[in-house]
Engineer: 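Handing you this structure, nothing more for now.
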Amino acid sequence: MLEMKDIRKSFGRIEVLHGVDLQVNAGEVHALLGENGAGKSTLMKIVSGIIQPSSGTIIVDGSERHFANYDEAIAAGIGIVFQEFSLIPYLNAVENMFLAREMKTSLGLLDRKAMRQRAAAILRKLEVDLPLDVPVARLSVAEQQFVEIAKALSLDARILVLDEPTATLTPVEVEHLFKVMRELRAAGVAIVFISHHLEEIFEICDRITVLRDGEQVGSCTVAETDIDQLVEMMVGRRIENSFPPKPAADPGANVVLEVEEVQLRRGGPVSSFQLRAGEILGFAGLVGSGRTETVLSILGAYPAARCKVRVDGVEKRLRDPADGLAHGIGLLPESRKEQGLVTEFSILQNVSLNNYGKYRQGHWFIDFKKELACTEDAMSQVRVKAQGPRARVDTLSGGNQQKVVIARWLNHDMQILIFDEPTRGIDVGAKAEIYQLMRDFTARGYAIIMISSELPEVIGMSDRVCVFRSGGIVATVQGSAINSEEIMTHATTGRVQHVA
Amino acid sequence: AAQDDQLKIGMTFQEMNNPYFVSMQEALNEAAASIGAEVIVTDAGHDVAKQISDVEDMLQQDIDILLLNPTDSAGVEAAVRMAKDQGVVVVAVDANANGPVDSFVGSKNRDAGYQSCNYLAEALGGQGEVAILDGIPVVPILERVEGCKEALAEHEGITLVDTQNGRQDRSVALGVVENMIQSHPNLAGIFSVNDGGAMGALAAIQGSGRDIKLTSVDGAPEAVQAIADGGPFIETTAQFPRDQIRVGLGMALAQHWGASVVPKEVPIDVQVVDAESAADFSW
Amino acid sequence: MSHDANLDAASAGRGRRAALDWLLHSPLALPLVGLIVVSVLMGFASDNFFTVDNILNVLRQVSVVGILAVGMTFVILTGGIDLSVGAVMALAGTMAAGIMVNMGLPGGIGLLTALLVGLGLGLFNGFMVAWGKMPSIIVTLATMGIARGLGLIYSGGYPISGLPGWVSWFGVGRVGIIPVPVIIMLVIYAVAWVVLQRTPFGRHVYAIGGNETAARLSGVRTRSVKLAVFAISGVTAALASVVLTGRLMSGQPNAGVGFELDAIAAVVLGGTAIAGGRGLILGTLIGAVLLGILNNGLNLVGINPYMQDVIKGLIILLAIYIGREWR
Amino acid sequence: MSHDANLDAASAGRGRRAALDWLLHSPLALPLVGLIVVSVLMGFASDNFFTVDNILNVLRQVSVVGILAVGMTFVILTGGIDLSVGAVMALAGTMAAGIMVNMGLPGGIGLLTALLVGLGLGLFNGFMVAWGKMPSIIVTLATMGIARGLGLIYSGGYPISGLPGWVSWFGVGRVGIIPVPVIIMLVIYAVAWVVLQRTPFGRHVYAIGGNETAARLSGVRTRSVKLAVFAISGVTAALASVVLTGRLMSGQPNAGVGFELDAIAAVVLGGTAIAGGRGLILGTLIGAVLLGILNNGLNLVGINPYMQDVIKGLIILLAIYIGREWR
Ligand SMILES: Nc1ncnc2c1ncn2[C@@H]1O[C@H](COP(=O)(O)OP(=O)(O)OP(=O)(O)O)[C@@H](O)[C@H]1O
Ligand SMILES: Nc1ncnc2c1ncn2[C@@H]1O[C@H](COP(=O)(O)OP(=O)(O)OP(=O)(O)O)[C@@H](O)[C@H]1O
Ligand SMILES: [Mg+2]
Ligand SMILES: [Mg+2]
């Protein structure tokens, strides 16, 4: 149905795809795997005409095609859910789904009723119930993801590309999506599915193609392989147990942060928790359950309904993340590109962004030598792979970008680090390294709050877990109670859910 | 139009950040106070459309007399008609307006340009290169330039080598004249269409250290002072803004009281002010 | 009976709650409140304010900037800005007047000239922004200088008067008691409302302001849409020039200096986000009227002209400050 | 020998390649090329252009806008814009002159007044933008009106003259052959260069323009930095007013109308991205000089003043168009 042959793509002087072949048949779900920066999204953008290949051929239904833009690809029956959201924040779900493909009345005006009915029908199939009249910016992240999926489904595509659609969905929601995917497969649609959650591959996919550094390293059916083998194909080596061992808890450790009460501005429960030196406190919950908003409220980056915080036993009023920094609290935000990095800056400038206290010459000036030395030191500690400290961060892979944000906190005298979704969109190899880094930090006596939507990660890393539901903490679990049933029970309405 | 017996006078100025018009306003306030009339003043800031709006707003306040200092003669016609339709007496001051104005009181701008440039040419001994520092193209300014050119043409030895726009603004004029001086090494004289521009030109001439004579039109206190001090600024042809207002208000009152032979046009003389006469002159 | 009364009270309560909800969420709410507050203040300060005559007077005064602000709304909704509208208006009016007066061509040709000048310069702006990938603030700043210069060159600096009498109908005529410029303005707003709210193109305008990359990825022809919004702005500038020429009965190459800033202020006072993507055309109308009332009211109250600038600035600041949370 | 010659040739080749590389990659390259091209053209068109006297003349004329453009560069680098600089400059100069002339206070106090006025209005802008979360284009548009109004109220519409003679030193004085305003301007550029390139504050200015959220979440005091850039812009406006007052020997409440647009044009011609995050202060200096040369050259060549606006607009468009790829 879809065949790509010897696809090459260069951005400027750098070739990122070195002759990739891909063959997807009608009625199959085809997994496309690979580390961050392997070229998966790039390949899929080529399929859908968003970017043009430097060379190579695309064959659809037996005839060679060339798509100058997405519209032409759509006309050929191709639809895609992008990795980055492509929704318009202030338009509503219906308007977003039909953007650039509006239904019109005979007068050329919008046929709003027809579009609304069709949108509702598609969303019903996905078993999601979301308000159709509010701007999508006011929807939760998961709801936005469903709008995105519904938008692709509305095209009635015969070849459907899903680029990491599950990254922001909960297990239950993933199931809804899989159900629809199975229906489509049965109807003969060819689906390309990209995900870093390897368990999902075995649940839904039929065949697999693995990319590494822009090269195709193999193609096989799901039955022929297992997780370990896939990982080895992706990374080029075996990954041993990715979670480092948890050290024994130290109940006598200092309470470095005590949140007596915090309530989000949008309302919800009043939460409180304590954080001890040397521990990793996991924040679990469904996407949109308010974990990010809670920590941002504590740091003063977000207005809160109320917030009372003690740092080292002393009550503090944090009005700005800069106040947090002054008290040794640092944040690794959930979105690297939007919140973590100045993408036009070099690694050096990003690492030293908030750290000039250390590199002063006289009182006023930057000591460039010291800045460089400290940056190189931090880069080697977190093992950033880059041409050098002066490389622009937007030339780095996702995992390396994440490490740059982490490196920022190495030259400070920090006490508390907040990691918000530290491994979102990060491949297995880099994940293991980040987990090890977190353990290195706690060994130094840092306390870590880790927000994560990936249950295995929460379970594998946390010493204690606060579970969030509708804007606040509803339970705190520790020890053997840190298991998926317990956490999901608290995170959802209270009914026990069984999770794959 | 007046329900209450107090006389209401509306005056709309083309701009009010110019001493020329500010002194007009002062004279108006004094005159109105002496007859117990109320005064409403607006500033169009060189925007004809705003001037029409300003007049409309004054008409809402039931003025009896409109003293109109038009930003543009043609552009304000609609305002004149509207005022006349409401039975308001309309007198144009300083520049004329199209439409059925009752009277126009203004300087002889062509004469002013003529006299300044004649003075300049004679001061140069009828020989040399001169330039004109032009301004915003409105009728009085254009008339001054025409008058100037007429005077210059009468002197065979004088050549007009450059005309640039200083927008009657001191800072703009300064830069423009600096450049003029650079591009014409033999420049001997400059005529500025008003004193605001002339003050900028004066700074440029002084900065260059060259011997260039400067004349202008207006008679603003600063300019008169500079002329009295001696130096490049040798003459300004003075207008009489306070008298224009006094005469204009007089015409309007006459009309308001029912006079039937109010003169359609009252030209106000202009007067040469040079180093000799400067000490005795003031608006 | 008591049952019915209860029901009534409940539905009234619901009605009140719905109204409150609307007040808190509609982007029109705040501009409307601002309009009402300022009007009431002006009404107290001057007896002449709340007369039918004066209200029509204000609307007529507002018409030129109000029409410019329509095109400005389109441009700002896409995240751009158009600093050239005042100059384009002046050029269009001057050339139309020149065609009629100096060349003796009929009025239809004059009108067409104005529209073509506006359209042409708008397309030029749009082309530079969309295909040239240049920031609109710079492109339109340059166009502003170019259009002013061309207007002055064309007219030799003189205003062009001597227009046929019917031209004044566009500026001072009335249909019934409603001034023609007001009717023209309201028709343009109605058309703009339909285009923005009821056509695919309108949705694309919002989409580009909301997230241009996403819009392009979704298949919106972003460059064509950007070209179109600047063209629309050029055309509304031309339409404004028709009203202005009717009011001034002459082509004025110097007219409209600074009108672009008034138009921007109207758009923003009307609740449109300067970064694009959010805003309603009716808000712009309210914003333009609000500005007009400020100008008119401060005149009626007899505030010193110098002081008017200060008060206008402060009120704009205050309005935007209060409004910033709603946006 | 031949060995040495080879080495030389190779290193020259390397030198040439390095220069070419720099030319293709430095954000300063394009503004410099523009400067050279325009200068050469002007030199051909007018014999008077390439004289020491005229070059100093251009630099002196550039000084006021050049100084304003320094503060504008800081603001634009953070992604903001400051439309109030011209009006703030006029108000600062008028009040300083008033303090000295009308109240007979010593010159030091006059200077201090100017600086305080500039600083105060800059802080006001910065506070509204940083804490009030209002778009800078609107805040500074309002401040522009307020400052103009205040200047006219303070002076009653009259320019304030009768300043002590030494004031003119700032405008027309010379040290050796170099005009004092040029020295003042160059010193300000040097200080700005150090601040932007050598201090943490400078880095934060760029970071905010690059990604404000990231800067804030990583602990940069973004609000204070934004406050500071507007304060700097106010102070450079005050410094510009000192030069202007020296040049005009009077306080002019209506001076500097439209200078904000010239300052923006200088910044953008100098290669700074209007969206912030990228640009060099030296580029701004080149941009300001380029604008000055255009004004001066078109005057020298004797181009019709109306035509000058058109040509200036076209050249700005052309320069930005060619430069857009570099940015
Ligand atoms: N527009 C671009 N310009 C330059 N390089 C690019 C561009 N887009 C992608 N790249 C580079 O191409 C490579 C492949 O990127 P791509 O997004 O396809 O990776 P991916 O496999 O989808 O990774 P991930 O799992 O993180 O989504 C990366 O090194 C990336 O930096
Ligand atoms: N009821 C709600 N009303 C308005 N906005 C909401 C609501 N619920 C969630 N949101 C928005 O959805 C987004 C997700 O919330 P938040 O980031 O706090 O959740 P989270 O648990 O950290 O989820 P994530 O895993 O996406 O980070 C936030 O931007 C929040 O403002
Ligand atoms: Mg990807
Ligand atoms: Mg989150």
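Just so it is clear: chains get the letters A, B, ... in the order the sequence lines come, proteins before strands, and each one is counted from 1. Values reported hereafter were calculated over all heavy atoms of this structure, with side chains retained and with hydrogens, waters and symmetry mates removed.
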Engineer: Can you say whether Ser155(C) sits under 4.5 Å from chain B via the side chain, the backbone, both, or neither, judging by heavy atoms?
Structural biologist: neither
Engineer: Could you have a look at Ser161(C), Pro159(C), Gly258(C) and say which one has the most heavy-atom pairs with chain B under 4.5 angstrom?
Structural biologist: Pro159(C)
Engineer: Measure distances from Leu152(C) to the heavy atoms of chain B and classify the residue's part below 4.5 Å as side chain, backbone, both or neither.
Structural biologist: side chain
Engineer: At their closest point, which heavy atom of Ser250(C) faces which heavy atom of Asp72(B), and how far apart are they?
Structural biologist: OG-OD2, 4.2 Å
Engineer: Are there more than 12 heavy atoms of other residues, nucleotides or ligands under 6.0 Å from atom NZ of Lys108(B)?
Structural biologist: yes
Engineer: Taking every non-hydrogen pair under 4.5 Å, which of Leu142(B), Asp43(B), Asp47(B) racks up the most with chain C?
Structural biologist: Leu142(B)
Engineer: Using 0.5 Å steps for rounding, measure from the CG atom of Leu248(C) to the CG atom of Asn98(B).
Structural biologist: 11.5 Å
Engineer: Looking only at heavy atoms, what is the nearest atom pair of Ala49(B) and Leu244(C), with distance?
Structural biologist: CB-CD1, 3.7 Å
Engineer: Return the minimal non-hydrogen interatomic distance between Tyr306(C) and Met16(B), and the atom names on each side.
Structural biologist: OH-O, 2.5 Å
Engineer: Is Asp47(C) close to chain B through its backbone or its side chain, or both, or neither, when contacts mean heavy atoms under 4.5 Å?
Structural biologist: neither
Engineer: For chain C, find its close neighbours in residues 52-61 of chain B: heavy-atom separation under 4.5 Å, sorted by number, or none.
Structural biologist: Ile52(B), Ser53(B), Asp54(B), Glu56(B), Asp57(B), Gln60(B), Gln61(B)
Engineer: Atom CZ of residue position Phe50(C) - does it have more than 12 heavy atoms of other residues, nucleotides or ligands inside 6.0 Å?
Structural biologist: yes
